[in-house]
Amino acid sequence: MTITGQSLIGATSVFGTQGAFHGVDARTGVALEPAFGGATQDDLERACALTDAAFDTFRETPLDTRARFLETIGEQIMAIGDALIERCMAETGLPRARLEGERARTVGQLRLFANVLRHGDFVDARIDPAQPDRKPMPRVDLRLRNVAIGPVAVFGASNFPLAFSVAGGDTASALAAGCPVIVKAHGAHPGTSELVGRAIQKAVQHCALPEGVFSLVFDSGLSMGQALVADARIKAVGFTGSRAGGVALMKIANARAEPVPVYAEMSSINPVVLLPHALTTRGATIAQQFAASLTLGAGQFCTNPGLVLAVDGDALRAFERAAADALAQSPASTMLTPGIHANYAKGVERLATHVDVEQLARGKTGGPFDAQAALFATPSQAFLADPALREEVFGPASLIVRCGDLDALHGVLKALEGQLTVAVHLHDDDRAACRALLPTLERKAGRILANGFGTGVEVGHAMVHGGPFPATSDARTTSVGSRAIERFLRPVSYQDLPDDLLPDALRDANPLALARRIDGTLHCEEHQDD
Ligand code: NAP
């Protein structure tokens, strides 16, 4: 498959004339061919018109057709073969094994949502049958199902060029919900984006779906992405990236005549709490695991452990030495873009020069855009006094907060903003201390882990990859796992509609064989397991 630099507008492709830009080799900073044309206002208008025209047909496609569509996207992605991995390695600096794993995860997510569609529980069909004889008033017949919210704009992430990008979790869950998608390609991996976009375009054609189900636009600046969010035909936005970017798009969506939800996943420092007995009994082992988690993927994970909280004392100092030794040995690795590398360097410099912060370790140096790991420590009083110390430094840097006692540690947790994850390392004798922290952990984070690290996000039914602001813009949802579909659904009630006017999901004969809640009780039909 050839990369052309064209935006994909429905079934067609066009080289945008609103400026041009290149992908960049992450290791060298050298421009990669070809040039990508920035989409114009006219290109965007056509994509939005097509998406709007496709919506009513696409949202009522049979569930099995939509499931096959998602599976076909996965097949088409695999059919690109090694060209996808090679282009992605060049654009992101990520190693082959990581990207092959990420491709498998991307295809796995598409299959997961195909299964969600075949089971049909997401429809949440409910029937409260009429009670004509109810006294003092008869009860109406009331039936509810979830419907697709409308066309969705997706902004992919730089750090997961496959699993959180063009065919990533936002796109998969929106398409599963029945929402056409327009993706604004991430400038950090345009070639990868085009290859995957063309795979989706082919899948639309193979499955004989309306062409407006999917478009992909390249933006040579920020204006087309912003215009997309402002367009009245877009009814929701999925975003993964920086806090500044997410908040900018939320403001645009809120300022519209019809405000729409922006599901933005933005910024998290993922505290790791080391409880006293765990620290005493296996501090050195935890230090090794911590260093491995911190440096994984050059620290460019949204669940990267950017903050460690522990009670100060001999055991913590031994942990610090062990972690510092491990990090000093850790090789430098290439960051996703020269810009992300420059931001990382700035963030590390800010910590290194802070009057109340002690530098404990730096990792090995490497190429011009390689991240050198960094570990710092500060007393809890200083941490509480300066909000800048709570800001995310995206990359392999972490700050240890030395607390006077467990109450002080609890106070630091209470002062934190919302997080994607909080990890607690505990020994059996730490149970009481852990129990005391749990209500605060639940207030702060979307996922609470015991004796592990947040890096490595399982894609399943019970996963929450979300959390209170600024981890995300809406703590009620997740961007990973089957519940991600709920972001792109809304409930509709049908009161006293004749059976033949009702959607199949709610008709008396239950032709879709859905599990339905009748008068509050769940009635399940037999499902073939996949
Ligand atoms: P980003 O700069 O926020 O970019 C994300 C996407 O949004 C890109 O497509 C970008 O366009 C677009 N965008 C950003 N600001 C915009 C604005 N004001 N108006 C319109 N569009 C806008 O994020 P990134 O480059 O992927 O990563 C940088 C930072 O994001 C990292 O340093 C890290 O802090 C954070 N991050 C967080 C997570 C997480 O899961 N929490 C994941 C990845 C990154 P362009 O392509 O044109 O720049």
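Residue numbers run from 1 in the order of the sequence given. Counting convention: from 1, in listed order, for ligands and their atoms alike.
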Would you say H465 and ligand 1 have an N/O pair spaced under 3.5 Å apart?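 N/O-N/O distance under 3.5 Å: no.
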Mark yes when over 12 heavy atoms from residues, nucleotides or ligands other than R256 sit less than 6.0 Å from its CZ; otherwise mark no.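 Yes, the 6.0 Å shell around CZ holds more than 12 heavy atoms from other groups.
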List ligand 1 atoms under 4.0 Å from [X], heavy atoms only on the residue side.
X: Q226; answer: 17 (C), 18 (N), 19 (N), 20 (C)
X: N159; answer: 42 (C), 43 (C)
X: G187; answer: 46 (O)
X: A248; answer: 18 (N)
X: L249; answer: 19 (N), 20 (C)
X: G221; answer: 47 (O)

Hey, is R476 close enough to E486 for a salt bridge, meaning N to O under 4.0 Å?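 A salt bridge is absent here (no side-chain N lies under 4.0 Å from a carboxylate O).
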Does some non-hydrogen atom of D219 fall short of 4.0 Å from ligand 1?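 It does not; every heavy atom stays at 4.0 Å or beyond.
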What do you reckon, does V229 put a non-hydrogen atom under 4.0 Å from ligand 1?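 Outside the 4.0 Å threshold, so no.
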Do the side-chain N and O atoms of T472 and D474 include a donor-acceptor pair separated by under 3.5 angstrom?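 No donor-acceptor contact under 3.5 Å links the two side chains.
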Taking non-hydrogen atoms only, is Q300 closer than 4.0 angstrom to ligand 1 via side chain, backbone, both or neither?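 For Q300, there is no contact with ligand 1 at all, from either part.
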Under a 4.0 Å heavy-atom limit, does F239 contact ligand 1 with its side chain, its backbone, both, or neither?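 Looking at F239 and ligand 1, just side chain atoms fall under 4.0 Å.
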Partner of F155 by side-chain contact (heavy atoms from CB on, under 4.5 Å), out of V262, L249, T240: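 Of the listed residues V262, L249, T240, the side-chain contact (heavy atoms from CB on, under 4.5 Å) partner of F155 is L249.
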For a quick test of reading the model, state the closest non-hydrogen atom pair linking S473 to M250 and the distance between them.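 Smallest heavy-atom distance, with atoms named: CB-SD, 3.6 Å.
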